[in-house]
**Q** 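My questions will all concern the structure given below.
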Amino acid sequence: MHMDQPDQFSDWAEKFRPKTFKEIIGNKKALHELRLWADEWTVKVPENRAVILYGPAGVGKTTSAHALAREMGWEMIELNAGDQRTADVIDKVAGSASRMRTLFSHEKAEGDDKGSDKRLIVLDEADNLHGTYDKGGSKAISDVISKTTHPIILIANDVYGITQTIRSQCLEIPFSSIQSRSIVPALKRACDAEGLVCGEDALMKIAENAGGDLRSAMNDLQACAAGKSEIKAEDVVVSGRDVKETIFKALVKVFKGKNRKEALDAVGTLDETPEDLIMWVDENLPLQFPDDPKAPGPKMVNPDIANGYAVLSRADLYLGRVRLRQNYRMWRYAGFMMTVGPMSVRSKEYTGFIKYSSPSGWKRMGQAKSMRSMRDNIAVKISARHMDSMRVSRNELIPYYMRLMENEDYAVNLTGVSDFDLDELVYLLRAKSATKAVQGVYDKSRAIAAKHHGAEPEFFKEKKPRKEKEDKSQMTLEEIAAAAEKKKQLDAEKQKAEADEKARKEKAEKGEPPKNQKSLFDF
Ligand SMILES: Nc1ncnc2c1ncn2[C@@H]1O[C@H](COP(=O)(O)OP(=O)(O)OP(=O)(O)O)[C@@H](O)[C@H]1O
């Protein structure tokens with residue numbers, strides 16, 4: 001029996017995640033290699049104890065790891081980027097996995113360890129193992145891989161983001177984008193399950209727009225389905241030709257124009273944030289300022305490209321400040337810099353037609369990644385409130401929060417008690433940017449946040465100026481983790497100093513000289 005309207009409470013990409021290899025679309029060669037590697041584990045410890053599944057976002061890497069564990073009857077331990085992946089944690093996970101094995105090993109002959117005594121250790125975003133949060137992570141993984149008796153899967157978008165030492169220990173299995181025509185049946189299955197009527201042309205439009213990323217296709221389908229029981233091709237709003245045509249015209253003014261105001265006006269009428277616009281400029285800058293093949297001497301990069309990127313990097317600095325401080329006034333500076341910048345630094349006029357292109361795959365991937373880290377930051381805050389795992393917070397509580405926050409009172413309250421920052425609120429309210437309404441909710445939430453997060457424990461009151469605490473809502477995940485780590489260290493040092501002092505006093509009472517004291521007069 002179907003509901004009247006499709007389910008909007010859960011994340012469809014999660015809901016329709018394939019459970020078995022058979023259900024996974026595309027990448028058959030990769031799945032075959034993965035299965036061969038897993039089968040080897042049932043007979044002996046293979047030469048490569050770990051594999052790296054790498055490729056673009058949303059093509060089934062994580063899904064394949066999950067399905068493999070299920071099909072092999074292996075318990076799975078997942079260390080996500082949002083979880084702490086310090087050397088300690090990885091050691092503990094792998095250590096406890098090894099202990100498990102030794103518990104069972106006396107019952108089995110060497111090599112006969114098929115089935116459930118294996119644990120599959122999965123490390124998501126393995127190309128991102130740096131920063132305080134994953135401190136020592138790379139080295140720990142490399143050590144663990146060299147001695148593990150349990151299969152390990154590393155998942156990455158960019159295999160070059162993994163250290164050479166780790167790569168040399170692993171079997172590398174590439175995953176590639178999924179063809180649009182293969183995405184359509186997956187979308188169709190979701191429509192059928194949701195009782196949603198959707199024509200093949202609408203599904204094809206969604207699939208083509210996703211650029212081979214099935215997760216985003218599923219997200220777009222869910223977004224189109226909100227409040228509807230039927231989707232027609234014209235309901236599918238994608239970055240189609242109209243948008244492109246307008247932006248192409250604006251790019252002509254940015255790169256070839258002579259009038260700054262005209263360029264600014266053209267960009268001002270676009271429905272693009274500076275975050276999106278910079279990607280368009282960035283993508284097309286080298287196309288517009290090509291190297292001159294007829295130039296004499298050694299082949300040099302056109303200096304206009306270097307100068308163009310220099311102004312773009314200034315614009316990006318402003319964007320970074322907007323992200324960090326939620327000071328959206330800086331968008332004006334960023335927008336100005338990326339619009340009049342290329343025009344101002346070019347050394348000559350460029351004529352002739354250039355076929356501009358949309359921001360390429362890796363940049364969209366970068367965006368997806370920053371969305372994921374946003375989602376993980378939110379999950380950290382939610383899991384701290386509910387004492388739940390990151391996985392539950394990410395997959396179950398965030399959608400629940402989103403649903404609750406459709407009511408403004410709840411939105412204000414939850415933002416305050418969870419201390420979400422403005423960007424996180426934009427994400428949770430599914431807004432495109434920090435509109436006035438979003439800002440209004442955020443402003444109202446501050447009083448509640450101050451009540452819940454304003455009072456500090458005595459320990460910090462003496463040591464930290466008030467300002468730092470106020471800035472906490474703007475701290476990045478790494479900074480929060482670093483602060484927690486620092487506090488742990490301080491606590492440990494304090495405890496050790498207290499214990500030493502206690503021991504010293506006890507010894508003094510017994511009349512013993514302190515350990516390093518050679519005589520009563522030697523202080
Ligand atoms: N090959 C596929 N077959 C069927 N569904 C898929 C496939 N790839 C992705 N999906 C859908 O997209 C969702 C996300 O897929 P998954 O987490 O496996 O992507 P990923 O490749 O690990 O991406 P990322 O690098 O972003 O983690 C799944 O829950 C599923 O709904």
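The structure displayed is predicted, hence computed values, not measured ones. Ligands are counted one by one from 1 in listed order, and the atoms in each one are counted from 1 as well.
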**Q** Quick one: nearest non-hydrogen protein atom to atom 27 (O) of ligand 1, plus distance?
**A**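 Answer, as residue, atom name and distance: Arg372 NH1, 2.6 Å.
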**Q** If only atom types and distance count, is the side chain of Gln169 paired as donor or acceptor with the main-chain N or O of Ser142 below 3.5 Å?
**A**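 Answer holds: yes.
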**Q** Closer than 4.0 Å to some heavy atom of Ala13 - which atoms of ligand 1 meet that?
**A**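 Here the atoms of ligand 1 in question are 28 (C), 29 (O), 30 (C), 31 (O).
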**Q** Near Lys61, which atoms of ligand 1 are under 4.0 Å from a heavy atom of that residue?
**A** 18 (O), 20 (P), 21 (O), 22 (O), 23 (O), 24 (P), 25 (O)
**Q** Provide, to 0.1 Å, the distance between atom 23 (O) of ligand 1 and the closest protein heavy atom, together with that atom's residue and name.
**A**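 In this structure, atom 23 (O) of ligand 1 has Gly58 N, 2.8 Å as its nearest protein heavy atom.
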**Q** Does Glu194 come within less than 4.0 Å of Lys15, counting only side-chain N to carboxylate O?
**A** yes
**Q** Could you tell me, atom by atom, which parts of ligand 1 come under 4.0 Å of a heavy atom of Thr63?
**A**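 Contacts of ligand 1 toward Thr63, numbered from 1: 15 (O), 16 (P), 18 (O), 28 (C).
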**Q** Give yes if a backbone or side-chain nitrogen or oxygen of Met218 is under 3.5 Å from a nitrogen or oxygen of ligand 1, and no if not.
**A** no
**Q** Only one of His150, Arg119, Lys118 clears side-chain hydrogen bond (donor to acceptor under 3.5 Å, both in side chains) with Glu75; which?
**A**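 Only match with Glu75 under side-chain hydrogen bond (donor to acceptor under 3.5 Å, both in side chains): Arg119.
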**Q** Could you see which bit of Pro18 sits under 4.0 Å from ligand 1, with heavy atoms only: side chain, backbone, both or neither?
**A**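 Only the side chain of Pro18 comes within reach of ligand 1.
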**Q** What part of Asn27, side chain from CB on, backbone N/CA/C/O, both or neither, has a heavy atom under 4.0 Å from ligand 1?
**A**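 Neither; no heavy atom under 4.0 Å.
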**Q** Under a 3.5 Å cutoff, is there a donor and acceptor pairing between the side chains of Glu283 and Tyr356?
**A** no
**Q** Does the pair Asp419/Lys381 count as a salt bridge with the N-to-O cut at 4.0 Å?
**A** no
**Q** Using a 3.5 Å cut-off on N or O atoms only, is Ser64 in polar contact with ligand 1?
**A**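 No, no N or O pair falls under 3.5 Å.
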**Q** Within less than 4.0 angstrom of ligand 1, does Gly26 place any heavy atom?
**A** no
**Q** Under 3.5 Å between some N or O of ligand 1 and some N or O of Asn157?
**A**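 Yes - when backbone and side-chain N and O of Asn157 are compared with those of ligand 1, one distance drops under 3.5 Å.
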**Q** Can you confirm whether the side chains of Gln179 and Ser182 place a donor and an acceptor under 3.5 Å from each other?
**A**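 Judged by distance alone, the side chains do not pair up.
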**Q** Please indicate whether any nitrogen or oxygen in Glu23 is less than 3.5 Å from any nitrogen or oxygen in ligand 1.
**A** no
**Q** With a 4.0 Å heavy-atom cut-off (strictly under), which part of Ile155 contacts ligand 1: side chain, backbone, both or neither?
**A**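 No part of Ile155 comes within reach of ligand 1.
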**Q** Between the side chains of Arg49 and Thr148, is a donor N or O closer than 3.5 angstrom to an acceptor N or O?
**A** no
